[in-house]
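Encoded as structure tokens, the structure appears first; notes follow it.
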Amino acid sequence: MNLFEPFRDKQLAERLVASIKERARGLADVNLMEVCGTHTMSIYRFGLKNFLPPNIRLLSGPGCPVCVTPVSAIDYACALSRLEGVTIATFGDMLRVPGSASSLEKERASGARIEIVYSPLDALDLASKNADRTVVFLGVGFETTAPAVALTIKRAKERGARNFFVFVLHKLIPPAMEALLSSGEIKLHGFICPAHVSAVIGARPYEKLIEKFHVPCVIAGFEPLDILGGIDMLLGQIRSGKPSVEIEYSRVVRREGNTSARAVIDEVFEARSSDWRGLGAIPASGLALKRAYREFDAESRFPISVPGEKDNPECLCGAVLRGVKTPTDCPLFGSVCTPEHPRGACMVSSEGTCSAWYKYTDDHR
Amino acid sequence: MSTDGNVTLAHGSGGKASHELIKKLVLKYFKSSELARLCDGAIIEPKSERLVMTTDSFVIKPLFFPGGDIGKLAVSGTVNDLAVMGAKPLYLSCGFVVEEGFLLGDLERIIRSMAEVAQAAGVEIVTGDLKVTEHGACDGIFVNTTGIGALTKERDMSSRSIEIGDHVLINGTIGDHALAVLSARQAFNFEAKIESDCAALFSLIDLVMQASRGVKFMRDPTRGGVATVLNEIVEGKNFGIQLEESSIPVRRDAKALCEILGFEPIYLANEGKVLIVADPKDSRLILDVMRSHPLGEKAAKIGEVVADSKGKVTLRSSAGGLRIADMLIGEPIPRIC
């Protein structure tokens, strides 16, 4: 038996669906947002939407790290890649994200050195093996990837690395959730909180959201039964009228989170205001290197200015990331914007809402 | 001839060094009287009224990977293209483009491996070519093979004969080749011991076709994987194909690796798999025949041709939900988290 197979069991799924239907009966339209891109992908990949009663709507949130990276950051990374002697090390999904005029994939085709790595430590190894090159790692991701990047930077300092830098693009999820709720642009009745982000940050950050906005929260895993179970628990909270943070993903997530992962983030990074594609600047929603580690900061080492953000005005990625629009509302979706020729970031990443929608549903055909 | 040294530009010059390389290295392994004549071309017997011809170029990194190497791949890939057309593979040509500085020892390993697979598959390498490029103009070695096979009337297949209710079968676990190659690349330090399924399939396919007339269509799901090939089959047709995720054979460690990397096995390349669309009456028999062959022990029925969702491939997920399984778009790229 595989580790995740029990969480994909058809019979158990049917039981959860029965409970969801029972709890949803008589409720007005319920908008639940899955914040994390991996949830989005899982929902589509396992065809979970067609299990749900029509009054339960799942909206995708701003939880795909590639999608929320602003155009200006891509432009900066492309500019870096054109510098003599610079190698960019990046997670694969960043390669195809369109900047205003180029993408890392296009830069690579015209000769830039861009290496795909699976772990930030691989990027540091790349730097030690190529002393004649300067390696810049693109630090993308939420609280999930930040600890490994922080550890890598610590290790770089221990090793006295001189040719390794990080372009820090890390973002924090709870401030984005708060920004969404504060805008009042969309009525949300519950959050499926991210699984692995929560493994790091725990439940407390969401408790603050509940105090302020009274929105039910369930931390759910990424498997089909996790997600169905999470929806079922959210409906239970909605019915009882008592919002709280429940942990469905208790096999991984502790209420206090992972204290050592949090400690390493705190040691290396501090919060800063950050630009999100679609949401704009959100205070204290990003990470920056603390003074003691700033020697590894790519932006300080290579102060290149790139022109301001030029999002395609027709592209609805921003509204899709806020849950206000769905991909099919976008005039570009499926016609000019496809996974082969993505115009917006949500079509690039495998965890992007448009990509999942395009790949796993019929709506563009 | 000593194979201690490296390939030099002289080995591709057509002069003495080329001649020696061909005679002492290539002819040592490729046993063919036609090739040994070293003429400009090979004269071959058609052995059938209708011939099938196919060509493929092989570029792979690393050149040697668990379960195979570029040589094994280059022969079995072309043999398989012929075999899934219903043809009996007869002759191969073989073109090498080698980078200056390439180890002669590695070249010998590749040639030996090609010879072994060709012999086992009963196919003769009758003509060939070897060019050497300057350092940097080619990545180690590129291999091209062209194959010719004999097609008999009763084995001529067409996707036009596919009907609603037909079964979709495969001869074993999917994604092994892609994951073996990926794991062998240094950038990914995984310890998974997945071997490539790289193999010449003619003997398996021949066995199936001798046993049953119920095979309607065959394809080898190489790049793009099972999902892409099935999409090509249903494109523009008045039927769809529905896959049953829980029936698709995937190795346990391959599943785990896919979960980590964010891949779906149905999009990963295979080099020793054949997808068969079969008459449902014969599907049991075909599965039994495949399971009796070493290359088909894990054969399974993975889906059916259905009237719904015409022109599309759908997948009933293991959790029960139904969704589209589109073609592969772009390269499978590992995800962030």
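By convention in this document, chain letters (A, B, ...) are assigned in the order of the sequence lines, proteins followed by strands, and residues within each chain are numbered from 1.
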For the student: nearest non-hydrogen atoms of B/Arg316 and A/Lys10, plus distance |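 Where B/Arg316 meets A/Lys10 most closely, the heavy atoms are CG-NZ, 4.3 Å.
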Mind listing the closest non-hydrogen atom pair of B/Ala319 and A/Ala13 along with its distance?
->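 Of all heavy-atom pairs spanning B/Ala319 and A/Ala13, the closest is O-CB, 3.6 Å.
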List the steps, then state whether side chain to side chain contact (heavy atoms under 4.5 Å, CB included) holds for B/Leu315 with A/Tyr360.
-> CA-CA 9 Å; B/Leu315 178 137; A/Tyr360 295 132; over 6 Å; no
A/Arg45/B/Glu264 under side chain to side chain contact (heavy atoms under 4.5 Å, CB included): CA gap, chis, key distance, verdict | CA-CA 10 Å; A/Arg45 183 178 154 194; B/Glu264 281 188 72; 3.8 Å; yes
Look at atom [atom1] of [X] and say whether more than 12 heavy atoms of other residues, nucleotides or ligands are closer to it than 6.0 Å.
X	atom1	value
B/Arg223	CZ	no
A/Lys49	NZ	yes
A/Glu340	CD	yes
A/Arg15	CZ	no
B/Glu232	CD	yes
B/Arg160	CZ	no

Reported OH-to-CD1 distance for the pair A/Tyr44 and B/Ile324, which is rounded to 0.5 angstrom =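 So the OH of A/Tyr44 and the CD1 of B/Ile324 are separated by 13.0 Å.
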Atom CD1 of A/Ile43 and atom CZ of B/Arg323: how far apart are they, to the nearest 0.5 Å?
->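 A/Ile43 atom CD1 to B/Arg323 atom CZ measures 13.5 Å (nearest 0.5 Å).
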Contacting moiety of A/Phe46, where chain B heavy atoms sit under 4.5 Å =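 Contact with chain B: backbone and side chain both.
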Give the intermediate values and the outcome of salt bridge (Lys or Arg N to Asp or Glu O under 4.0 Å) for residues B/Glu245 and A/Arg8.
-> CA-CA 11 Å; B/Glu245 189 177 30; A/Arg8 296 178 181 178; 5.2 Å; no
Between A/Asn50, A/Thr338, A/Leu225, which residue shows the highest count of heavy-atom pairs closer than 4.5 Å to chain B?
->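 Among A/Asn50, A/Thr338, A/Leu225, the one with the most close pairs to chain B is A/Asn50.
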Step-by-step side chain to side chain contact (heavy atoms under 4.5 Å, CB included) determination, A/Glu223 to B/Glu259 | CA-CA 11 Å; A/Glu223 293 301 323; B/Glu259 289 297 317; 4.0 Å; yes
Test salt bridge (Lys or Arg N to Asp or Glu O under 4.0 Å) on A/Glu5 and B/Arg252 and set out the steps.
-> CA-CA 11 Å; A/Glu5 268 161 12; B/Arg252 188 174 183 272; over 6 Å; no
Show your working on side chain to side chain contact (heavy atoms under 4.5 Å, CB included) between B/Lys312 and A/Asp362 and close with a plain yes or no.
-> CA-CA 9 Å; B/Lys312 288 170 207 150; A/Asp362 244 356; 3.1 Å; yes
